[in-house]
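For reference, the structure discussed in these notes is given below.
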Number of protein chains: 2
Amino acid sequence: MKKKKKNENSSKIFLGHDHGVCFGDAITQIEDYFIKKKLQLTPLRRKVFEILIEDHKPLGAYEILEKLGKTGFSSSPPIAYRVLDFLIVHGFVHKVQGLNGFIACSNPNHSHFPTFVICRKCEKVAEVSEEKSGLKLPSPEISNFKIEKTTIELTGICSTCENAEIR
Amino acid sequence: MKKKKKNENSSKIFLGHDHGVCFGDAITQIEDYFIKKKLQLTPLRRKVFEILIEDHKPLGAYEILEKLGKTGFSSSPPIAYRVLDFLIVHGFVHKVQGLNGFIACSNPNHSHFPTFVICRKCEKVAEVSEEKSGLKLPSPEISNFKIEKTTIELTGICSTCENAEIR
DNA sequence: GTTAGTGTGTTATGTTATAACATGTAATGA
DNA sequence: TCATTACATGTTATAACATAACACACTAAC
């Protein structure tokens, strides 16, 4: 109890959390941002964001549509894609390319260039902020290029799944 | 002529090249690799690789299929996807997720974790090797995670296009 | 000469994403 | 007040991307 190995804390990027707090915080953040920017947090937009926050993992557009349908919204594809695009533009949602999925941003005010760490076995996804990822961008080599958007995804296997693997 | 600004050289990641040499080198490399690994560089596989090397930019699977069709190969989707998967596994092709496209690896023997720099305007794509990208992986934060594959894509605007932009 | 492994071909279908147009509603301002 | 606009959502149809499942040919190994 006196001393913990540093690794024990520093590596737990897939760790659980108090979801009630997380959910509430996220809603508050998006509400504040929308007011500040004079954007409309409509029922549909709110619902899509809630669906993503609730699940806390990447969902496909068609999964989102299904959930929308069950709560009385339209469930034709453009509905989801439009709202997702909007939320992405404003930094509240990211697309995880490797999974064709969408996930709520875990820290809308910070991560402009987030890294996603994806376990191919359990399919858990962790968003690691710019500061913590150890990622250094851009290099002098590409300083003549203006980066607007990054897709950084690290796929592999988390320690839990690796320990569980047979061979 | 005596002195060049360092930037002039170091930033030209989109620079042209002697394509004849590039093409020949690439074919030689893949031939050697296939012999060494006792793999079959069949006419189909060779053709797909040649198509990608020739164009030197990401092509969609269906674009490749069209080119295959014109040269007497079958052009049903699985043909392309199977060969592409094979070439990807062996490191001769990369998938550019942001464009749903496939591109020949510019340095099969080196870049295990390449970075792709993509201009959203001219759609040029440069592959930057691990060493040159300035990318540092992995961080202590994620050291408990075994990275098997990375998707690192930087989208933005290259200096040529930026200078050409009106606004 | 049967078997196993590999490569290609074919049909059908699944999955992901967008184009184009219609409708509704609120704010703006002549 | 009522045309104009900006924005949000709805709808239909289709485009674009990808894979499943099965068939067949060829080669190598036993």
Side-chain angles (χ1 to χ4, degrees), chain A residues 30 34-35 37-52 58-90 92-103 120 123 151 153, chain B residues 30-31 33-35 37-52 57-90 92-103 120 123 151 153 155:
Chain A
I30 197 171
F34 272 55
I35 289 168
K37 295 272 187 173
K38 301 194 187 203
L39 301 169
Q40 300 179 51
L41 185 56
T42 60
L44 176 61
R45 287 172 180 167
R46 177 186 286 264
K47 187 67 201 173
V48 170
F49 184 66
E50 283 176 0
I51 287 169
L52 290 173
L59 294 180
Y62 284 74
E63 291 178 273
I64 294 166
L65 282 167
E66 204 180 326
K67 288 172 192 274
L68 283 177
K70 284 180 185 162
T71 46
F73 291 93
S74 164
S75 59
S76 58
I79 294 294
Y81 285 103
R82 275 192 299 232
V83 172
L84 289 167
D85 281 350
F86 185 87
L87 293 173
I88 287 169
V89 163
H90 293 285
F92 290 91
V93 168
H94 297 293
K95 179 165 187 186
V96 180
Q97 294 279 4
L99 304 170
N100 290 317
F102 301 87
I103 191 167
R120 65 164 159 77
E123 297 214 315
T151 299
E153 300 177 7
Chain B
I30 197 170
E31 282 173 346
Y33 179 91
F34 273 55
I35 289 168
K37 296 272 187 173
K38 304 195 185 201
L39 301 170
Q40 301 180 50
L41 186 56
T42 60
L44 176 62
R45 286 173 181 166
R46 177 186 286 265
K47 186 69 201 171
V48 170
F49 185 66
E50 283 175 3
I51 288 169
L52 290 174
K57 65 175 188 190
L59 294 180
Y62 283 72
E63 291 178 272
I64 294 167
L65 283 168
E66 206 180 324
K67 288 172 191 276
L68 284 177
K70 284 179 185 162
T71 46
F73 290 94
S74 164
S75 59
S76 56
I79 293 293
Y81 285 105
R82 273 191 301 230
V83 172
L84 289 167
D85 282 350
F86 186 88
L87 294 173
I88 287 169
V89 163
H90 293 285
F92 290 91
V93 168
H94 296 293
K95 178 165 188 188
V96 181
Q97 294 280 3
L99 303 170
N100 290 319
F102 301 87
I103 190 167
R120 65 162 160 78
E123 297 213 319
T151 300
E153 299 178 6
T155 305

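Chain identifiers are assigned alphabetically (A, B, ...) following the order of the sequence lines, protein sequences preceding nucleic acid strands; residue numbering begins at 1 within each chain. Below, each value reflects all heavy atoms present in this structure, side chains not excepted, and no hydrogens, waters or symmetry copies.
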Would you state whether a donor and an acceptor, one from the side chain of B:Y62 and one from the base of D:dA18, lie under 3.5 Å apart?
-> yes

To the nearest angstrom, the CD-P distance between B:Q40 and C:dT6 comes to 9 Å

Heavy atoms under 4.0 Å is the rule here; annotate nucleotides 20-27 of chain D 5' to 3' with B where the base is hit, S where only the sugar-phosphate is, and - elsewhere.
-> BB------

For the pair made of CG in B:L65 and C1' in D:dC17, what is the distance, rounded to whole Å?
-> 11 Å

Starting at atom CG of A:L59, determine the distance to atom C1' of C:dT16, rounded to an integer number of angstrom.
-> 15 Å

Could you state the atom-to-atom distance from CZ of A:F34 to C1' of D:dC7 in whole Å?
-> 13 Å

With respect to the phosphate group of C:dT16, does any side-chain polar atom (N or O) of A:K95 fall under 4.0 Å of OP1 or OP2?
-> no

Mind calculating the distance between CD (B:Q97) and C1' (C:dA17) to the nearest angstrom?
-> 15 Å

For A:K38, report the nucleic acid contact type (base, sugar-phosphate, nothing); a contact means any heavy atom under 4.0 Å.
-> nothing

Heavy-atom pair with the smallest gap, counting every atom of A:K67 and A:L59 = CE-CD1, 4.1 Å

Spacing of A:L44 atom CG relative to C:dT23 atom P, expressed in whole Å | 20 Å

Scanning both residues in full, the closest heavy-atom pair of A:F92 with A:F49 reads O-CE1, 3.6 Å

With DNA chain C as reference, determine whether B:R45 or B:S74 sits nearer its 5' end, using the nearest nucleotide of each.
-> B:R45

Do the side chain of A:R45 and the main chain of A:V83 share a donor and acceptor less than 3.5 angstrom apart?
-> no

B:I79 side chain: which of C:dT8, D:dC17, D:dA13 is closest?
-> C:dT8

When the distance from CG of A:N100 to P of D:dA18 is rounded to whole Å, what number comes out?
-> 8 Å

Would you say a side-chain N or O of A:T42 is under 4.0 Å from OP1 or OP2 of D:dT9?
-> yes

side-chain hydrogen bond (donor to acceptor under 3.5 Å, both in side chains) involving B:Y33 - partner list, sequence neighbours excluded | B:H90

When you measure from the side chain of A:E123 to the backbone N and O of A:R120, does any donor-acceptor pair fall under 3.5 Å?
-> no

Rounded to the nearest angstrom, tell me the gap between atom CG in B:D85 and atom C1' in C:dG7.
-> 14 Å

Please check the phosphate of C:dT18 (OP1 and OP2 only) for any side-chain N or O of A:Y81 closer than 4.0 Å.
-> no

B:S76 side chain: which of C:dG9, C:dT10, D:dT11 is closest?
-> C:dT10

Sidechain-backbone polar pair: B:Q97 side chain, B:T151 backbone, donor-acceptor under 3.5 Å = no

Considering all heavy atoms of both residues, which atom of B:E153 and which atom of B:K95 are nearest to each other, and what is their separation?
-> OE2-O, 3.9 Å

